[in-house]
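Below: one structure, written as structure tokens.
Values in this document were obtained by computation on a predicted structure and should not be read as measured data. All values below come from the heavy atoms of this structure, side chains included, with hydrogens, waters and symmetry mates left out.
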Amino acid sequence: MAQPNGHPIRIGTAGWSIPKLSAPAFPVDGTHLERTARVMPMTEVNSSFYRPHKPETWARWAASTPLGFRFAVKLPKAISHEARLVGAEVALDRFLAEAGMLGDRFGPLLVQLPPSLRFDRAVAEDFFTLLRARFDGEMVCEPRHASWFTDAAEAFLVAHRVARVAADPAPVAGAGEPGGWDGLRYWRLHGSPVMYRSAYEPAVLDALAERLVAEAALRPVWCVFDNTADFHAVDDALATMARLQALQS
């Protein structure tokens with residue numbers, strides 16, 4: 001969603017399921033991905049966190065979407081949570097070769113960290129240097145340990161061109177605000193007060209839309225609704241897109 005005299009604001013959901021009650025907002029024909037991509041400008045691939053996908057699957061997804069659509073892609077938990085960023089070269093090469101089949105549809109790479117993973121400068125330096133040598137695109141990180149919300153960690157993320165996700169609910173102080181590299185902003189809205197299940201109140205979406213417009217004056221903005229468990233993500237994303245259009249008119 002282009003902004004007058006500003007940068008794009010991309011609103012989407014985690015995954016591309018279309019709940020039955022939300023279906024009237026989408027075209028009738030096509031797969032859920034094809035129908036989603038005609039209405040929203042992006043989606044976040046969360047399934048890559050749990051399991052690998054064949055290269056031809058990634059290529060098919062890319063071919064199913066129009067020019068300008070983007071996929072944000074979540075790093076596998078085998079790298080972030082199981083290996084905890086250590087010794088990940090083989091797994092990283094495999095993942096990037098597979099997901100790279102998205103081609104120009106590949107948007108930000110999302111690195112979500114486990115809540116127990118502290119900021120260890122040596123470990124982080126090794127991993128992000130390895131990753132940056134293989135991936136030169138936009139990158140965002142969702143840390144969930146308080147040690148990542150320090151001046152040292154902030155400077156580290158800036159140096160590696162990694163934006164820090166603004167998460168709701170915030171797992172620790174500071175996590176609700178974006179940070180790190182300021183070349184983009186990325187919100188992940190998991191649902192509040194009940195994570196993954198709650199819909200967002202209209203007043204919250206009003207304030208969010210205004211914030212996204214303000215941020216887009218300076219940089220590209222991404223906003224992903226992950227409150228999918230009770231099917232609220234799609235409606236919240238559509239409602240936020242409508243608010244953006246109203247603010248522009």
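Note on Y196 and W187: separate hydrophobic clusters, where clusters join Ile, Leu, Val, Met, Phe, Trp and Tyr whose side-chain heavy atoms are under 4.5 Å apart, directly or indirectly. Hydrophobic clustering (ILVMFWY, side-chain heavy atoms < 4.5 Å, transitive): V86 and F156 are in one cluster. Under a hydrophobic clustering in which Ile, Leu, Val, Met, Phe, Trp and Tyr are joined whenever their side-chain heavy atoms come within less than 4.5 Å, directly or via other members, I18 and L238 fall into the same cluster. A continuous path of Ile, Leu, Val, Met, Phe, Trp and Tyr side chains, each step under 4.5 Å between heavy atoms, connects V111 with L117, placing both in one hydrophobic cluster. Hydrophobic clustering, with ILVMFWY side chains joined whenever heavy atoms are under 4.5 angstrom apart, keeps F49 apart from L131.
Taking all atoms of both residues into account, the shortest heavy-atom contact from R35 to D29 is CG-O, 3.1 Å. For the residue pair A152 and R121, the shortest heavy atom distance occurs at O-NH1, 4.4 Å. Between A167 and E142, the shortest heavy-atom contact is CB-OE2, 3.5 Å. Counting all heavy atoms, side chain and backbone alike, T228 lies closest to A14 at CG2-O, 3.7 Å. L85 approaches S80 most closely through the heavy-atom pair CD2-CA, 4.0 Å. Scanning all heavy atoms of the two residues, the minimum distance from A25 to V39 falls at O-CG2, 3.6 Å.
By the ring-ring contact (aromatic ring centres under 6.0 Å, His included) test, F69 is found to be paired with F71, residues two or more places apart in sequence or in another chain being considered. Judged as a side chain to side chain contact (heavy atoms under 4.5 Å, CB included), and not counting sequence neighbours, the contacts of F231 are P19. Contacts of D206 classified as side chain to side chain contact (heavy atoms under 4.5 Å, CB included), with partners at least two apart in sequence or in another chain: R243.
Note: L244 CG to E210 CD = 10.5 Å, rounded to the nearest 0.5 Å. We find the NE2-CG distance between H81 and L75 to be 10.0 Å, quoted to the nearest 0.5 Å. Going from atom OG of S64 over to atom CG of L33 covers 5.0 Å, rounded to the nearest 0.5 Å. Rounded to the nearest 0.5 Å, atoms CG (D226) and CG (D236) are 11.5 Å apart. Here the CG atom belonging to L189 is positioned 10.5 Å from the CE atom belonging to M195, to the nearest 0.5 angstrom. Annotation: the span from W61 atom CH2 to T65 atom OG1 amounts to 11.5 Å, rounded to 0.5 Å.
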**Request:** Please test H232 against F225 for ring-ring contact (aromatic ring centres under 6.0 Å, His included), starting from the C-alpha separation and ending with a verdict.
**Result:** CA-CA 8 Å; H232 295 301; F225 287 90; over 10 Å; no
**Request:** Assess whether side-chain hydrogen bond (donor to acceptor under 3.5 Å, both in side chains) is satisfied between R144 and S116, documenting all intermediate values.
**Result:** CA-CA 8 Å; R144 292 180 286 174; S116 61; over 6 Å; no
**Message:** Between K77 and Q112, is the side-chain contact (heavy atoms from CB on, under 4.5 Å) condition met? List the steps.
**Reply:** CA-CA 8 Å; K77 68 175 182 178; Q112 185 193 58; over 6 Å; no
**Prompt:** Given the rule in the side-chain contact (heavy atoms from CB on, under 4.5 Å) test, do W148 and V172 qualify, once you have shown the distances and angles that lead to the verdict?
**Reply:** CA-CA 10 Å; W148 284 86; V172 296; over 6 Å; no
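Summarising the local packing, CG of D104 is surrounded by more than 12 heavy atoms from other residues, nucleotides or ligands at distances under 6.0 Å. Residue E201 places its CD atom among 12 or fewer non-hydrogen atoms of other residues, nucleotides or ligands, all under 6.0 Å distant.
Counting only distance, with no hydrogens or angles, the side chain of T129 and the backbone of E125 share a donor-acceptor pair below 3.5 Å. In terms of modelled atom types and a separation under 3.5 Å, the side chain of H145 and the main chain of S147 share a donor-acceptor contact. Judged by distance alone, the side chain of T43 and the main-chain N or O of G15 form a donor-acceptor pair under 3.5 Å. Side-chain atoms of E215 do not come within 3.5 Å of backbone N or O of L212 as any donor-acceptor pair. The main-chain N or O of E154 is never found under 3.5 Å from a side-chain atom of R164 such that the two would form a donor-acceptor pair. At least one donor-acceptor pair closer than 3.5 Å links the side chain of S48 to the backbone N or O of K74.
Residues F119 and F149 keep their aromatic ring centres 6.0 Å or farther apart. Residues H32 and W16 keep their aromatic ring centres 6.0 Å or farther apart. Checked against a 6.0 Å centroid threshold, the rings of F106 and F135 count as neighbours.
In the hydrophobic clustering (ILVMFWY side chains linked at under 4.5 Å, chained through shared members), V194 stands by itself. V224 belongs to a hydrophobic cluster whose other members, connected by ILVMFWY side-chain contacts under 4.5 Å either directly or through intermediates, are M42, L110, V140, V165, W181, L184, Y186, W222.
Looking only at side-chain heavy atoms (C-beta outward), E82 and P76 stay at 4.5 Å or farther from each other. Side-chain contact between S192 and R197 is absent, with no heavy-atom pair separated by less than 4.5 Å. For the pair C141 and L113, the minimum side-chain heavy-atom distance is below 4.5 Å.
Evaluated for a salt bridge (charged side-chain N to carboxylate O under 4.0 Å, His left out) with E44, the options R188, R10, R70 yield exactly one hit, R188. Just one residue in the list D168, D235, N227, T240 forms a side chain to side chain donor-acceptor pair (under 3.5 Å) with Y200, and that residue is D168.
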Donor-acceptor pairs under 3.5 angstrom involving side-chain atoms of residues 87-103: please list them, not counting sequence neighbours.
| from | atom 1 | to | atom 2 | distance (Å) |
| --- | --- | --- | --- | --- |
| E89 | OE2 | R134 | NH2 | 2.7 |
| D93 | OD1 | R134 | NE | 2.6 |
| R94 | NE | E98 | OE2 | 2.9 |

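Between R161 and D136 there is a salt bridge, with a side-chain nitrogen of the basic residue lying less than 4.0 Å from a carboxylate oxygen of the acidic one.
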